There are 2 protein chains.
Amino acid sequence: MTTAKRDTYTPETLLAVAVQVFNERGYDGTSMEHLSKAAGISKSSIYHHVAGKEELLRRAVSRAIDGLFGILDEPGAREGRAVDRLEHVTRRMVGVLTSELPYVTLLLRVRGNTETERWAMERRRDFDHRVADLLKSAIAEGDLRGDVEARLATRLLFGMINSLVEWFRPEARGADGAEIADAVVQLAFRGLRVED
Amino acid sequence: MTTAKRDTYTPETLLAVAVQVFNERGYDGTSMEHLSKAAGISKSSIYHHVAGKEELLRRAVSRAIDGLFGILDEPGAREGRAVDRLEHVTRRMVGVLTSELPYVTLLLRVRGNTETERWAMERRRDFDHRVADLLKSAIAEGDLRGDVEARLATRLLFGMINSLVEWFRPEARGADGAEIADAVVQLAFRGLRVED
DNA sequence: AGAGTAACCGAACGATCGGTCGGGACAAGG
DNA sequence: CCTTGTCCCGACCGATCGTTCGGTTACTCT
């Protein structure tokens, strides 16, 4: 077992602090001085644990990306009708957004100023395309209405889901976000499904 | 008539350039040097037209806020059943987002680091509450389903609409965004309305 | 021609940026 | 006791930040 006592920083525990500050002030708006105050150690001590500011960003967005792509490997995202796989991905996206909230928040806000940010944006675009293909298949299989363009519908669906990072606070709700996943599915799919 | 010739900057034309750079690099990620390169004049010349970087931000978000609050004063947002007023506001929000895209984009991304940013966030919260009240009324009048919490539904609706700033490019579509407004209404309301 | 002014510029300001450096405190292992 | 390595620090680095200042164009008005 690992010791519960944690009186010193590791790259991971330091990352948790940094990501929170990044989300409050924005990545560019956060200085190493801000991070040192929040972590309670000196600016130079941060460099004992990580190589620099950009490594913190890279670690954070990597964690978010891994969480999202992990969804696509789950059985529920690979087997069955496209519409059911899409609903599964939708629910699990809400799950990942809520459980990895600060990391995904950071991912969704990168602007592409550095190589790390551009890499993150590209991976994110890959994920979006994978989900868009799922939605197209569901239309082709006749389970989703085709009068709204697939790419547009995907973007609006992502807009709904990704907006969680703007308002979801785990301490104010059940932390698993099950009721939110229900609401998203209700709102999105009752509008997308062919009338029953 | 105003002369079409514009060989020198005004605060407004300079603002248009600045807002574009702000949106590409982020406000904090944009230096006055970046702005001067984009505008084609020297850094110090910018201060001949505006008081500083923050004034550019204030002008931009003010323009966005005025556009959004203007919607609430329109007859379509003040008369008729709540559900119809809500649909009108939804369509007009898409209209304002598309026509004032860079300014609204900037508004939706402020993080609250300065007094100007906190003021913008507060005004935005006011607007959100006004729309949330509209949605609550529509539920009370029996036109929208009540099994999804009103505040949650509002946030998801805003998530859909506001996501436009992440992907809408006026040069790639009809610049008025009418088809997008249709899609948003279809997706959101066919899921929100009581089954007919 | 001369005065006034709008538009602009290069150089420099103090402050802060991300990051480096040499070393101190302290616990573990011999 | 002495070494070794972890964790941390204050002081400092060159670069860049937003902003200021003194001065130079170039056009308008009289």
Side-chain angles (χ1 to χ4, degrees), chain A residues 2-61 106 110-118, chain B residues 2-61 106 110-118:
Chain A
T2 59
T3 51
K5 209 92 163 110
R6 168 64 56 205
D7 58 344
T8 186
Y9 278 113
T10 67
E12 283 72 28
T13 57
L14 185 61
L15 178 63
V17 175
V19 168
Q20 182 178 330
V21 182
F22 285 159
N23 284 330
E24 284 171 1
R25 312 187 62 95
Y27 176 73
D28 285 315
T30 302
S31 70
M32 297 303 278
E33 192 69 36
H34 290 137
L35 292 186
S36 79
K37 300 284 189 200
I41 61 177
S42 77
K43 202 172 59 155
S44 52
S45 295
I46 295 177
Y47 290 87
H48 176 72
H49 301 286
V50 294
K53 190 181 175 186
E54 195 165 357
E55 181 184 320
L56 288 167
L57 179 65
R58 187 171 44 73
R59 281 175 181 266
V61 298
L106 203 53
V110 299
R111 300 305 316 152
N113 291 342
T114 67
E115 197 53 50
T116 298
E117 299 188 39
R118 285 187 285 275
Chain B
T2 58
T3 52
K5 209 94 159 108
R6 165 68 54 208
D7 58 345
T8 186
Y9 278 113
T10 67
E12 284 71 29
T13 57
L14 184 60
L15 179 64
V17 175
V19 167
Q20 182 178 330
V21 182
F22 285 160
N23 285 330
E24 285 170 1
R25 310 187 63 95
Y27 176 73
D28 286 315
T30 302
S31 70
M32 297 303 279
E33 190 70 36
H34 291 137
L35 292 185
S36 80
K37 300 283 190 200
I41 61 177
S42 77
K43 207 169 52 152
S44 53
S45 294
I46 295 176
Y47 291 86
H48 176 73
H49 301 286
V50 294
K53 191 181 176 186
E54 195 166 356
E55 181 183 321
L56 288 167
L57 179 65
R58 187 171 43 75
R59 280 176 181 267
V61 298
L106 202 54
V110 299
R111 301 303 319 151
N113 291 343
T114 67
E115 196 55 48
T116 298
E117 299 189 37
R118 285 187 285 276

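Owing to the predicted nature of the structure, the values given are computational and were not obtained by experimental measurement.
- The shortest distance between side-chain heavy atoms of R59(A) and E12(A) falls below 4.5 Å.
- Looking at Y9(A), its side chain does come within 3.5 Å of a backbone N or O of A39(A) through a donor-acceptor pair.
- Here the CG-OG1 distance, from N23(A) to T30(A), works out to 8.5 Å after rounding to the nearest 0.5 Å.
- Taking CG of L15(A) as the reference point, atom CZ of R58(A) lies at 10.5 Å (rounded to 0.5 Å).
- The separation between M32(A) atom CE and dC17(D) atom P is 18 Å, rounded to whole Å.
- Put simply, CG on L14(A) and NE2 on H48(A) are 11.0 Å apart, with the number rounded to the nearest 0.5 Å.
- Of the residues in residues 110-118 of chain B, none has a non-hydrogen atom less than 4.0 angstrom from any atom of DNA chain D.
- Side chain to side chain, S31(A) and H34(A) meet the donor-acceptor criterion of an N or O pair below 3.5 Å.
- Residues Y27(B) and N113(B) have side chains not in contact (no heavy-atom distance under 4.5 Å, counting atoms from C-beta outward).
- Residues Y47(A) and M32(A) have side chains in contact (heavy-atom distance under 4.5 Å, counting atoms from C-beta outward).
- For L14(A) and dT6(D), the CG to P distance is 17 Å, given to the nearest whole Å.
- Contact check for L57(B) versus L106(B): side-chain heavy atoms found under the 4.5 Å cut-off.
- For the segment residues 36-61 of chain B, the set of residues with a heavy atom within less than 4.0 Å of an atom of DNA chain D comprises K43(B), S44(B), Y47(B), G52(B), K53(B), in numerical order.
- What separates OH of Y27(B) from P of dC17(D) is a distance of 14 Å, to the nearest Å.
- Mapping heavy-atom proximity under 4.0 Å, the span of DNA chain C touched by chain A runs 5' to 3' from dC17(C) to dC21(C).
- Under the 3.5 Å distance criterion, the side-chain polar atoms of R111(B) are left unmatched by any main-chain donor or acceptor of R25(A).
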